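Every value quoted in this text rests on a predicted model; they were computed, and no experiment measured them.
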Amino acid sequence: MRFFFKDAGKVLTVLIAGGMAGLILLMIVYAIPVDRMLVNARASIEIFEREGPSPQTIIGYEATTLDNYTDAWMFRNAFYDGRESVFQKSLNVYYYGYHKEELHNVCESMIAYLNGTEGYERQSYARYWHGYLIFLKPLLCFFDYGDIRGILRLTEMSLLMYLCLLFERRRFARFLPALAVTMFCIGFYDIGQSMQYSWIFLITVAASIYLLKKYPVMDGKMLFLAVGMCTSYFDFLTYPVFTLGIPLIVLLLCRFSSGEKKGAVKTVLYHSIFWGIGYFGFCLEKWILCNLLTEENVIEEAFLSITERVGRQVVDQPIGYMETVFENFKVLCKYPYALAILGVTALILWGFRKKRLKTDWEHAAACLIVAVYPFIWYAVALNHSYVHAFMTYRDLGISIFAGLCMLESMKEIDCNERKET
């Protein structure tokens, strides 16, 4: 652990500075009047009423399930207009909700409040940072839910196109089929339809772009620390390990193409530790801030939630690890996904006809370690991964991308291609 203690001061500084910056950004957007937000939220009611909390863009395909339920919760947090200070709002993240049985559905609760239904009361959701509000609140001043969906899809498509362009510039074009099938399997088309899913995708692609542009002139450990912090700051607990796995494979491809033969496994483990410190450390920082500066006992609340999410019961019924893994695999058990994976695998294997097999065993081992990350996450967050398989299955995109990239890396490239790389 000597490598960590050497950077301990820098890590602590980045965590504290990140927490201060994150809190200040939230305070700034909480200072924005909510009048226009309420107008655009009311203009969004029709979408939530028509689609409901968990619509499927393709009926029968669980992978296309949208999370309007959580998006409605994000809206409630965004247009809260209580009289507390911006500091209190930023830490406690208040919203208006109901205790009526018929309004337990968050979409219905939000619509009821926007329609002026009496009986609402202030509630708090303080254990998350809710960093998405720094974008959602300004957007909601000018756009309704449909517009925001369109903006997210445009942003995601643009970043993905730029990522593909950088793959080509880095002479990684042979890995583009692996990227394409990964995007298909994680439901790229549907991700922009849900704010809940978008933040992880945007962080992942942004980190991958940064790696491709800056490698090797960069501090990889600090990058992954920052990625872990951003994941904690923006995400609502969806498929967070995706922001670790995909950039790690991109980093391994950069190392591999540069001819770095040693240290691939160590690189994966070190960078994973820094991501973990960023992710869990930033979560803990929010809980400590709330406990010290507010009347909320967020640490106790957070640990109760963690106990539930890592538990082995769902609605008082015991569940096992293999059941959870199967529940996530089941989401991808449809012909289009199977054909896409098999098709790209066949394409890669077909390329071995004129290429000699040359395996960098340490690179292959590093790819396999990353491919296992989703299964480690499923073991850690067992309850959450079982109940929310319709979103957590996306972590399997890491395994798909890692496996296909490892297979493609086994081809010997010719001398000209090697020089260009």
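Scanning both residues, Val298 and Ala126, for their nearest heavy atoms gives CG2-CB, 3.7 Å. Across all their heavy atoms, Val34 and Ala78 have their closest contact at CG1-O, 4.2 Å. What you find for Asp395 and Pro240 is that their closest heavy atoms are OD1-N, 4.4 Å. The two residues Gln196 and Met391 make their nearest non-hydrogen contact at NE2-CE, 3.7 Å. When every heavy atom of Asp71 is checked against every heavy atom of Gln193, the shortest pair comes out as OD2-O, 4.1 Å. The minimum heavy-atom distance linking Gly397 with Ile246 is given by the pair O-CD1, 4.1 Å.
A 4.5 Å side-chain heavy-atom check between Phe79 and Tyr96 finds every atom pair outside the cut-off. Side-chain contact between Val205 and Glu156 is absent, with no heavy atoms from C-beta onward closer than 4.5 Å. Within the 4.5 Å cutoff, no side-chain heavy atoms of Phe234 are placed close to those of Trp129. Using a 4.5 Å cut-off on side-chain heavy atoms (C-beta onward), Ile200 and Thr204 make contact. No side-chain heavy atom of Trp275 sits under 4.5 Å from any side-chain heavy atom of Leu225. The closest side-chain heavy-atom distance from Ser258 to Tyr215 is below 4.5 Å. Counting heavy atoms from C-beta on, the side chains of Phe172 and Leu179 never come closer than 4.5 Å. In this structure, Asn77 and Tyr128 have side chains that are not in contact, with every pair of non-hydrogen atoms separated by 4.5 Å or more.
In this structure, CE on Met37 lies 4.0 Å from SG on Cys141, to the nearest 0.5 angstrom. In this structure, the separation between CD1 on Ile369 and OG on Ser272 is 8.5 Å, given to the nearest 0.5 Å. Distance OG1/Thr182 to CZ/Phe242: 7.0 Å, rounded to 0.5 Å. Considering CG of Leu396 and CH2 of Trp377, their distance stands at 14.0 Å, rounded to 0.5 Å. From Met74, atom CE reaches atom CG of Asn68 across 11.5 Å, with rounding to the nearest 0.5 Å. Separation of atoms CD1 (Ile191) and CH2 (Trp199) is listed at 13.0 Å; rounding is to 0.5 Å.
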Begin with the C-alpha distance, continue with both residues' side-chain angles, and end with the deciding distance and a verdict on side-chain hydrogen bond (donor to acceptor under 3.5 Å, both in side chains) for Glu300 and Asn297.
-> CA-CA 6 Å; Glu300 182 181 353; Asn297 189 352; 2.7 Å; yes
Residues Thr392, Tyr386; criterion side-chain hydrogen bond (donor to acceptor under 3.5 Å, both in side chains); working and verdict = CA-CA 8 Å; Thr392 61; Tyr386 183 92; over 6 Å; no
Test side-chain contact (heavy atoms from CB on, under 4.5 Å) applied to Phe75 and Leu136, step by step | CA-CA 8 Å; Phe75 264 43; Leu136 178 56; 4.1 Å; yes
For Asp235 and Tyr197, run side-chain contact (heavy atoms from CB on, under 4.5 Å): C-alpha distance rounded to whole Å, both residues' side-chain angles, the deciding distance at 0.1 Å, then the answer.
-> CA-CA 8 Å; Asp235 189 39; Tyr197 303 151; over 6 Å; no
Could you walk me through whether Tyr162 and Lys213 pass side-chain contact (heavy atoms from CB on, under 4.5 Å), step by step?
-> CA-CA 11 Å; Tyr162 187 46; Lys213 287 181 69 67; 3.1 Å; yes
Between Glu51 and Arg149, is a salt bridge (Lys or Arg N to Asp or Glu O under 4.0 Å) present by the stated rule, with each step listed?
-> CA-CA 14 Å; Glu51 293 182 354; Arg149 280 177 164 180; 2.7 Å; yes
Would you check, one step at a time, whether the test side-chain contact (heavy atoms from CB on, under 4.5 Å) holds for Val11 with Met222?
-> CA-CA 8 Å; Val11 167; Met222 288 301 112; 3.8 Å; yes
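More than 12 heavy-atom neighbours from other residues, nucleotides or ligands sit within 6.0 angstrom of CE on Met218. Heavy atoms from other residues, nucleotides or ligands lying under 6.0 Å from CZ of Phe326 number 12 at most. Within a 6.0 Å sphere centred on OH of Tyr189, heavy atoms belonging to other residues, nucleotides or ligands number 12 at most. For Glu323, the CD atom is densely surrounded, since the number of other residues' heavy atoms within 6.0 Å is greater than 12.
Inspection of the His130 and Tyr132 side chains reveals an N or O donor paired with an N or O acceptor under 3.5 Å. No donor-acceptor contact under 3.5 angstrom links the side chains of Asp190 and Thr64, judged on distance only. Judged purely by distance below 3.5 Å, without hydrogens or angles, the side chains of Ser257 and Arg170 never pair a donor atom with an acceptor atom. A donor atom on one side chain and an acceptor atom on the other are not found under 3.5 Å apart for Tyr145 and Asn40. There is a side-chain donor-acceptor pair under 3.5 Å between Asn92 and Tyr94.
Side-chain N or O atoms of Lys334 include one that pairs as donor or acceptor with a backbone N or O of Gly60 at under 3.5 Å. Using a distance-only test at 3.5 Å, with no hydrogens or angles considered, no donor-acceptor pair links the side chain of Ser385 to the main chain of Leu382. Not a single donor-acceptor pair under 3.5 Å links the side chain of Ser232 to the backbone N or O of Gly228. Of the possible polar contacts, none joining the Lys330 side chain to the Ala389 backbone as a donor-acceptor pair under 3.5 Å is found. Using a distance-only test at 3.5 Å, with no hydrogens or angles considered, a donor-acceptor pair links the side chain of His384 to the main chain of Leu237. Remark: the backbone N or O of Gly192 is not paired with any side-chain donor or acceptor of Arg153 at under 3.5 angstrom. Without hydrogens or angle criteria, Lys89 side chain to Gly82 main chain gives a donor-acceptor distance under 3.5 Å. A donor-acceptor pair under 3.5 Å links the side-chain atoms of Ser85 to the main chain of Gln88, judged by distance alone. Using modelled atom types, no side-chain atom of Asn115 and backbone atom of Thr117 make a donor-acceptor pair closer than 3.5 Å. A donor-acceptor pair under 3.5 Å links the side-chain atoms of Arg255 to the main chain of Lys262, judged by distance alone.
Aromatic rings from Phe188 and Phe201 are positioned such that their centres are separated by under 6.0 Å. Aromatic rings of Phe236 and Tyr125 (six-membered ring for Trp) have centroids within the 6.0 Å cut-off, being under it. Aromatic pair Tyr95/Tyr80: centroids not less than 6.0 angstrom apart.
A salt bridge links Lys10 to Asp219: one of the charged nitrogens lies within less than 4.0 Å of a carboxylate oxygen. Between Arg42 and Glu49 there is no salt bridge, since no side-chain N of the basic residue sits under 4.0 Å from a carboxylate O of the acidic one.
Taking the centre and axis of the six-membered ring of Tyr30, the NZ or CZ atom of Lys137 falls inside the cone set by 45° and 6.0 Å.
Ring geometry, Phe167 versus Phe401: the interplanar angle falls from 30° to 60°, so the pair is classed tilted.
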